[in-house]
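Below is one structure, written out as structure tokens, with a few remarks after it.
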Amino acid sequence: MSFKSKLLLGLTGASLFFNCSSPKEEVADSEVKKPNIVIIYMDDLGYGDLSSYGATELSTPNMDKLANGGIRFTNGYASSATCTPSRYALLTGVYPWRNADAKILPGTAPLLISTSQMTVPKMLKGQGYETGVVGKWHLGLGNGDVDWNQHISPSPNEVGFDYSYIMAATQDRVPTVYIENGNVVNLDPNDPIEVSYDKNFEGEPTGKDNPELTTMKWHHGHNNSIVNGIPRIGFMKGGEAAKWSDVDMADHFLEKAQSYVKSHKEGPFFLYYAFQQPHVPRTPHPRFEGKSGMGPRGDVILEADWMVGEFMKTLEDEGLLENTLIIFTSDNGPVLNDGYYDDAVEKIGNHTPAGALRGGKYSLFEAGTRVPFMVYWKGKIQPQVSDALVCQVDFLSSLASLTGSTDTAQDSGNLLSAFMGEDKVGRSELILEATGRTALRKDEWIMIPPYNGAAKIASVNIEIGNDKNYQLYNLSKDIGQADNLAESNPEKLEEMIAAYTAIRGDVNSKVEDVVLK
Ligand code: NG6
Ligand code: CA
């Protein structure tokens with residue numbers, strides 16, 4: 001069978017469709033063009049936040065189009081229950097617990113990914129792709145002593161991205177500026193930017209001392225520099241003209257993502273489009289304010305859904321939809337009060353952001369890491385629901401397989417056939433991480449080793465999975481993790497501990513209590 005007819009028949013197993021050794025005339029055929037690849041990455045969107053994943057109180061029609069027109073995974077995981085480690089795993093194919101620095105980073109942290117490390121964009125560049133990142137970065141910049149008034153390096157541009165338009169860390173952390181290809185946008189040399197996570201700059205107001213200057217009130221943390229009335233984490237001085245507008249951020253990133261697509265439509269391109277919603281501070285554009293009836297958290301989910309729709313329209317208008325593989329997922333599970341009084345708790349009503357899952361962001365329970373996870377490719381992937389066990393750490397090897405690269409990374413499985421809807425099993429084992437602690441998912445089982453420390457982070461009101469005893473749950477029968485089978489099924493527990501220790505070693509006694517700073 002020729003390469004072309006194989007392609008026309010669809011995918012078989014995890015076969016390469018873009019075989020570099022194929023005869024020239026077949027490769028030249030438009031139908032064997034390498035697909036554009038887009039990863040849409042949400043920030044703190046929960047398993048139950050989409051109507052396609054069971055939400056009844058919120059409607060997310062545009063995200064649902066991806067879920068219902070592609071593969072909707074029910075066992076799709078972020079590697080971690082917080083942002084930085086998940087993003088590290090997604091881009092590098094390496095479990096974040098292998099890197100001691102892969103924790104929630106301050107805005108001044110050095111670049112976490114080594115410039116010599118393999119990454120998804122680097123691998124794709126090797127296959128002829130143009131690569132871009134738009135949105136939230138949160139993987140560190142520079143070497144630890146960034147001068148925000150000079151060109152910043154290393155940045156995404158040194159780990160595989162040809163183009164970057166990012167915020168350095170999170171919307172609640174300084175510096176509150178956009179950075180394009182290593183340069184702060186709209187920087188005024190006469191108003192230099194200074195940033196510190198240790199101490200305030202003399203004379204600068206803070207959320208703690210000047211509550212009268214804030215329009216959003218802090219609940220825990222978030223009481224340092226005030227930008228646009230919102231108190232943030234970290235201190236910043238100067239850079240007035242460069243400061244972003246929070247309510248316009250989503251529109252701004254959308255516009256950058258759309259222009260990236262338009263200017264790279266000859267392809268192939270890879271775009272990592274990292275949204276900031278529904279992470280705090282939740283600042284919907286006025287046209288979405290009050291639309292969900294659930295307060296700002298619901299409103300920014302509707303805003304993000306609209307953005308997904310507009311972005312998809314651009315792909316369609318440019319004639320790219322049939323040749324673009326789109327992955328949609330989230331970096332960790334949901335949280336309501338993550339440090340500001342913003343009505344997220346008060347107005348939640350009957351909505352369940354985690355669906356039937358236990359826990360939330362920061363948690364080793366399922367809601368920490370099991371997230372909305374869809375793969376959409378118009379005309380190539382049959383709409384379906386898949387229970388295959390898949391993780392974002394698998395993107396590197398799987399996309400390598402898709403595009404004909406032999407690059408891999410230590411923990412990245414080639415799950416291409418699962419991502420194409422052919423294999424319904426996926427991985428057998430997966431190590432999940434939450435604030436420095438780890439657990440093993442194996443087939444339908446999850447084992448959480450004993451951890452000291454509080455069972456709940458009180459400030460966010462989330463059970464994080466700590467218990468002084470082993471926990472063992474059968475997720476196919478007990479998705480809500482109510483029934484700990486560790487005592488009643490000692491054989492399974494022993495098998496799980498052995499499998500866990502084989503990957504992880506005996507490390508748990510060293511894990512300290514979880515403190516959110
Ligand atoms: C925590 C912040 C939280 C959020 C989180 C990072 C406090 C008290 N809490 O430390 O608000 O910013 O870090 O979220 O400061 S993440 O999704 O980027 O991992
Ligand atoms: Ca996050």
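One-based numbering, in listed order, for ligands and for the atoms of each.
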Report summary line: In ligand 1, the atoms that come under 4.0 Å of a heavy atom of His220 are 8 (C)

Report summary line: Listed as residue and atom, the protein N/O/S atoms under 3.0 Å from the Ca ion (ligand 2) are Asp43 OD1, Asp44 OD1, Asp331 OD1, Asp331 OD2, Asn332 OD1

Query raised in the report: Can you name the residues that form a salt bridge (Lys or Arg N to Asp or Glu O under 4.0 Å) with Glu463, not counting sequence neighbours?
Result: Arg358

Report task. Report the C-alpha separation of Ile152 and Asn183 in whole Å, then their side-chain angles, then the decisive distance to 0.1 Å, and conclude whether the side chain to side chain contact (heavy atoms under 4.5 Å, CB included) test is met. Result -> CA-CA 6 Å; Ile152 302 160; Asn183 302 311; over 6 Å; no

Report summary line: Thr170 heavy atoms within 4.0 Å reach ligand 1 at atoms 18 (O)

Query raised in the report: Under 6.0 Å between the ring centres of Tyr163 and Phe161?
Result: no

Query - Ile233: numbered ligand 1 atoms lying under 4.0 Å from its heavy atoms - result: 15 (O)

Requested in this report: Within a distance under 4.0 Å of any heavy atom of Asn332, pick out the atoms of ligand 1 and give their elements.
Outcome: 17 (O)

**Report entry** Lys/Arg cation over aromatic Trp306: Arg287, 6.0 Å, 45° cone
**Finding:** yes

**Report entry** Element-labelled atoms of ligand 1 that are located less than 4.0 Å from some non-hydrogen atom of His138
**Finding:** 18 (O)

Query raised in the report: Does the side chain of Glu310 pick up a donor-acceptor pair with the side chain of Gln258 at under 3.5 Å?
Result: no

Query raised in the report: Should the proximity of Asp338 to ligand 1, defined as any heavy atom under 4.0 Å, be assigned to the side chain, the backbone, both, or neither?
Result: both

Requested in this report: Number the atoms of ligand 1 from 1 as they appear, then name those within less than 4.0 Å of a heavy atom of Tyr362, with their elements.
Outcome: 1 (C), 3 (C), 4 (C), 5 (C)

Query - Test salt bridge (Lys or Arg N to Asp or Glu O under 4.0 Å) applied to Asp246 - qualifying residues, sequence neighbours left out - result: Arg232

Query raised in the report: Taking the six-membered ring of Trp137 as reference, does the NZ or CZ atom of Arg87 fall below 6.0 Å from its centre and within a 45° cone about the axis?
Result: no

Query - Element-labelled atoms of ligand 1 that are located less than 4.0 Å from some non-hydrogen atom of Thr82 - result: 19 (O)

Query raised in the report: Would you call Cys83 a ligand 1 contact, heavy-atom distance under 4.0 Å?
Result: yes

Query - Nearest-option assignment for atom 1 (C) of ligand 1, heavy atoms, candidates His219, Arg232, Arg173 - result: Arg173

**Report entry** Element-labelled atoms of ligand 1 that are located less than 4.0 Å from some non-hydrogen atom of His279
**Finding:** 4 (C), 6 (C), 12 (O), 14 (O), 16 (S), 17 (O), 18 (O)

Query raised in the report: Any side-chain donor-acceptor pair under 3.5 Å between Tyr77 and Asp394?
Result: no

Report task. Report yes if the distance between the aromatic ring centroids of Phe253 and Tyr178 is under 6.0 Å, otherwise no. Result -> yes

Query raised in the report: What residues form a salt bridge (Lys or Arg N to Asp or Glu O under 4.0 Å) with Lys243, not counting sequence neighbours?
Result: Glu240

Query raised in the report: With no hydrogens and no angle check, is any side-chain donor or acceptor of Ser386 less than 3.5 Å from a backbone partner on Phe73?
Result: no

